[in-house]
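Computed over heavy atoms, backbone and side chain alike; hydrogens, waters and symmetry mates excluded. The chains referred to below are lettered A, B, ... by the order of the sequence lines, with proteins before strands, and numbering in each begins at 1.
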Amino acid sequence: MNKNFAEKVYKTVQKIPLGKVATYGQVAMLCGSSKAARAVGTALHRNPTPDVIACHRVVNRSGCLAKNFGFGGQESQKRLLELEGVLVDENYRVNLYNYQWDEKINKD
DNA sequence: ACCATGACTCCAT
DNA sequence: CATGGAGCCATGG
């Protein structure tokens, strides 16, 4: 395997702190390419280990999760985020202003 | 190696 | 804010 980019994506997603969310672009930038958001989506869509990769903590630039989300769809996504303390509106949208992961604050 | 697809993002209208 | 078009990256046939 060792799908370099995908591995990086998975690693970054696993680094997202509980109760926070990150955008595809954010993950892409941390992976080395600020424009590889699409590739990030592809990698997460494969999501080989949903038990380890918190794909539900990854949302698009609007704070909304992709409609093609697996694992039960946005329904399960919303529940998971709320369980982590993230408020999701009826439009399945989160307040990035308050919940977007800030790697600066979270950095080791 | 080429073409088509996709869990994206940005800009213009 | 909604819609459409263009750009970028990685994967699969």
Next on the checklist: Any non-hydrogen side-chain atom of C64(A) less than 4.5 Å from a side-chain atom of V59(A)?
Outcome noted: no

Checklist outcome for this item: Bounded by its outermost nucleotides with an atom under 4.0 Å from a heavy atom of chain A, the footprint on DNA chain C reads dG7(C) to dG12(C)

Item to check | Contact state string [nucleotides 5-13 of chain B, B base, S sugar-phosphate only, - no protein heavy atom under 4.0 Å] | outcome: -BBBSS---

Item to check | For Q26(A), side chain to side chain donor-acceptor pair (under 3.5 Å) partners two or more places apart | outcome: E103(A)

Next on the checklist: Would a single hydrophobic cluster contain both L83(A) and F69(A), if residues Ile, Leu, Val, Met, Phe, Trp and Tyr are joined by side-chain heavy-atom contacts under 4.5 Å?
Outcome noted: no

Checklist entry - Taking C-beta and beyond as the side chain, do I16(A) and V21(A) meet within less than 4.5 Å on heavy atoms? => result no

Checklist entry - Below 4.5 Å, heavy atoms only, C-beta onward: do V52(A) and Q14(A) meet side chain to side chain? => result yes

Item to check | Partner residues of E75(A) under the side chain to side chain donor-acceptor pair (under 3.5 Å) criterion, sequence neighbours left out | outcome: none

Item to check | Pairwise ring pair (Phe, Tyr, Trp, His ring centres under 6.0 Å) hits with a residue in residues 8-65 of chain A, at least two apart | outcome: none

Item to check | Within-4.5 Å side-chain heavy-atom neighbours: L30(A) and W101(A) | outcome: yes

Next on the checklist: Contact between N60(A) and L65(A) at the side-chain level, heavy atoms closer than 4.5 Å - yes or no?
Outcome noted: no

Checklist outcome for this item: Applying the Watson-Crick and G-U criteria (both distances under 3.5 angstrom) with [ ] for crossing and | for other-strand pairs, one obtains for DNA chain C .||||||.|||||

Item to check | Atom NZ of K78(A) with >12 non-hydrogen neighbours under 6.0 angstrom | outcome: yes

